[in-house]
Amino acid sequence: MSSTLASKNLPHNPPQTGLKHLFSRLGIRQKIGCGYALVIGIAILGAGMGRGVESYYKQQVREKLAIDRDKAEILTNLNNTAQEVRIQQLLLLSMTTKPQIFDRERSDFLTRVAQMSAQLEQLQSLQPTSNPAVIQDYQQIQEFAKANSKTIEAYFQQVQKLLGNAKLSGLNPKQQQAFGRNLNNFATGDNTLKLEKFSQDSAQLAGSFRDKADEAFRTYEKAEKLGTLILIGSLTISAAIAAMLAVYTSRAIARPLEATTLIAQRVTEESNFDLQAPVTTSDEVGLLAISINELIQRIGEYTEDLQEAKIAAEAANRSKSAFLANMSHELRTPLNAIINYSEMLQEDAQDSGSEDFLPDLERIQTAGKHLLDMISDILDISKIEAGHVTLYLENFDVATMVEEVMTTAQSLVEKKGNSLALKTKGELGMMYADQPKVRQILLNLLSNAAKFTEEGVITIGIERMKTEKSRPTRKHKNNDDSSPGSQYTAQVLVFRVSDTGIGMTEEQLQQIFKPFIQADASTTRKYGGTGLGLTISQRLCHILGGEISVESEDGKGSTFTVSLPERVIMQV
């Protein structure tokens, strides 16, 4: 690469500083990788922060919630037991007249009183905690338990003293009356009144702890919502940053690519190899622009070389065509003289009785005609390549033309013991074309079939068909937009020349329409010829606006199909 091109390909960014300058120096993979890392990092950081804050607040609330619920449950159970004790105490007063029922209820009453005393002891035995939010509640419970422990203890001892060993059914009526008075005095005594106040205080305290537990639960839910909000916020921020990075990265990649693509399109359309793609970054896109600039310069150099080579080749081709045309004319004159003199010598030999000379004279005549055919083929292909073929269009009867072709080719076909057959389908009618060139195409195909077929059948088939064609694309006068040509139905004449000869392989089919080339070298040695017959036929078909195709199978023969328009249009 020259120093001039190297200086052109250096990135010419405006002075940049900071992150923008650093980002512009990164490659595409690094830019995308940094963007992904940043977005994922923010998402992970947000998720971690959200879960951390949530866990912290939950840990603060969880212990208080558990303690408040436990205390509220114990106090509620204690209040329920105290209520049951008061109710059973009233029941016992009403059952003093029923000693047996009283004795059964007395046992249950004593169990309830013992249970109440045990629950108060459980409340006193709650373990202290280091949580500052719970210490005050713990002190409140301890004060409540301490303040009421003497009341419950006094009540319990009085119940044990009054009902511990007494059975109403075992007392006489006077004892029962005295027991009833003592029980009534107990029910209206100070300990019973203190028990009632204890029940009210425990219910109030239990309600207070339930309220605290509900408040702690609401705080717990707020902590969960806060963690979720932080997580959603971090994901939203990550998505926004990802969108901004995607837009920035796509622009940073797309704009240089668009500029480079535009330069490549202009070079293609204008063939202006002085254009250069701008190199604005040092990443892969910048390297691509540098490579395209190098490619444009090299293509420009190669184009100049090719243009010079083309001019030289065209000049050489024109010289070749002129040489072949001149040599063909120069060779035809002596060859025609040789053929004519050989015919005259054959007649003289027959007249003079010198028949021993006839085989040699016939060989001279045959060789001269063969050489004349080869020279005619070379002259024809030279005219076609030089673009000197002129069409002489006329109306002619297709059937009559085909009969003349078959008559001309009959001797050539029969030379190797072949037979010639004709198959037509429907009316052939008239054709507007260059009749000699249509005849030449058919004669070349029949000659080719006769050359490669021995003791076989050569068939020429003809039919008239309809086909859909498109008119040429037309451009509007006011702009460059073009509209596709409309479809129309055209008549074509299809000629098929089939033989039962040696056929061809797929590889050979790829070569048969190339000039001076036959199927392979062995074919050329065995059957001879210039290899121009099929090339001339194909190019004449194209000049007449038609086409030629071939189907063949090795060892089973070939079929050449020529499709020509019913009315040939003179090409300008």
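When reading the values below, keep in mind they use all heavy atoms of this one structure, side chains included, and skip hydrogens, waters and symmetry mates. Start at 1 with the first residue, then count along the sequence.
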State, yes or no, whether a side-chain contact exists between [X] and [Y] at a heavy-atom distance under 4.5 Å.
X: Val402; Y: Leu422; answer: yes
X: Ser537; Y: His542; answer: no
X: Val550; Y: Phe513; answer: yes
X: Ile460; Y: Arg496; answer: no

Considering all heavy atoms of both residues, which atom of [X] and which atom of [Y] are nearest to each other, and what is their separation?
X: Leu564; Y: Gly546; answer: CD2-CA, 4.0 Å
X: Asp434; Y: Leu391; answer: OD2-CA, 3.4 Å
X: Val438; Y: Met431; answer: CG2-CE, 4.4 Å
X: Gln276; Y: Asn293; answer: OE1-CB, 3.1 Å
X: Ser552; Y: Ser558; answer: OG-OG, 2.7 Å
X: Val413; Y: Ile458; answer: CG1-CD1, 4.0 Å

[X] [atom1] to [Y] [atom2] distance, which is reported to the nearest 0.5 Å:
X: Met401; Y: Gln435; atom1: CE; atom2: CD; value: 6.5 Å
X: Thr408; Y: Leu446; atom1: OG1; atom2: CG; value: 9.5 Å
X: Leu493; Y: Leu428; atom1: CG; atom2: CG; value: 7.0 Å
X: Ile569; Y: Leu544; atom1: CD1; atom2: CG; value: 12.0 Å
X: Leu420; Y: Thr459; atom1: CG; atom2: OG1; value: 7.5 Å
X: Asp499; Y: Lys451; atom1: CG; atom2: NZ; value: 12.5 Å

Phe495 vs Ile548, test: side-chain contact (heavy atoms from CB on, under 4.5 Å). Steps then yes/no. CA-CA 9 Å; Phe495 302 89; Ile548 184 171; over 6 Å; no
Looking at Arg464 and Glu566, does any basic side-chain N land under 4.0 Å from a carboxylate oxygen?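 A salt bridge is present here (some side-chain N lies under 4.0 Å from a carboxylate O).
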Taking 4.0 angstrom as the limit, do Lys423 and Glu463 come out as a salt bridge? no
Can you list the steps and then say if Glu404 with Arg439 is a salt bridge (Lys or Arg N to Asp or Glu O under 4.0 Å)? CA-CA 9 Å; Glu404 294 174 356; Arg439 286 166 51 87; 3.0 Å; yes
Under the 3.5 angstrom rule, does the side chain of [X] hit a backbone N or O of [Y] as a donor-acceptor pair?
X: Thr505; Y: Gln508; answer: yes
X: Asn418; Y: Gly456; answer: yes
X: Ser447; Y: Asn444; answer: no

For Thr561, check side-chain hydrogen bond (donor to acceptor under 3.5 Å, both in side chains) against everything at least two apart and list the hits.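 Per chain and number, Thr561 pairs via side-chain hydrogen bond (donor to acceptor under 3.5 Å, both in side chains) with no residue.
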Applying salt bridge (Lys or Arg N to Asp or Glu O under 4.0 Å), name anything that partners Glu553, two or more places apart in sequence or on another chain. Lys556
For the CD atom on Glu547, are there more than 12 heavy atoms of other groups (residues, nucleotides or ligands in this structure) within a distance under 6.0 Å? no
Taking atom CD as the centre, does Glu551 end up with more than 12 heavy-atom neighbours from other residues, nucleotides or ligands that are less than 6.0 angstrom away?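 No, because the 6.0 Å sphere around CD of Glu551 holds 12 heavy atoms or fewer from other groups.
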Could you walk me through whether Asp554 and Ile502 pass side-chain contact (heavy atoms from CB on, under 4.5 Å), step by step? CA-CA 6 Å; Asp554 191 20; Ile502 61 175; 5.8 Å; no
Does the pair Leu534 and Phe560 meet the rule for a side-chain contact (heavy atoms from CB on, under 4.5 Å), with working shown? CA-CA 10 Å; Leu534 292 177; Phe560 288 84; 3.8 Å; yes
Decide side-chain contact (heavy atoms from CB on, under 4.5 Å) for Lys425 and Ile462; before the verdict, give the C-alpha distance in whole Å, the side-chain angles of both, and the deciding distance to 0.1 Å. CA-CA 6 Å; Lys425 187 175 181 181; Ile462 312 166; over 6 Å; no
Derivation and outcome, side chain to side chain donor-acceptor pair (under 3.5 Å), residues Glu414 and Gln410: CA-CA 6 Å; Glu414 293 176 350; Gln410 189 69 38; 2.6 Å; yes
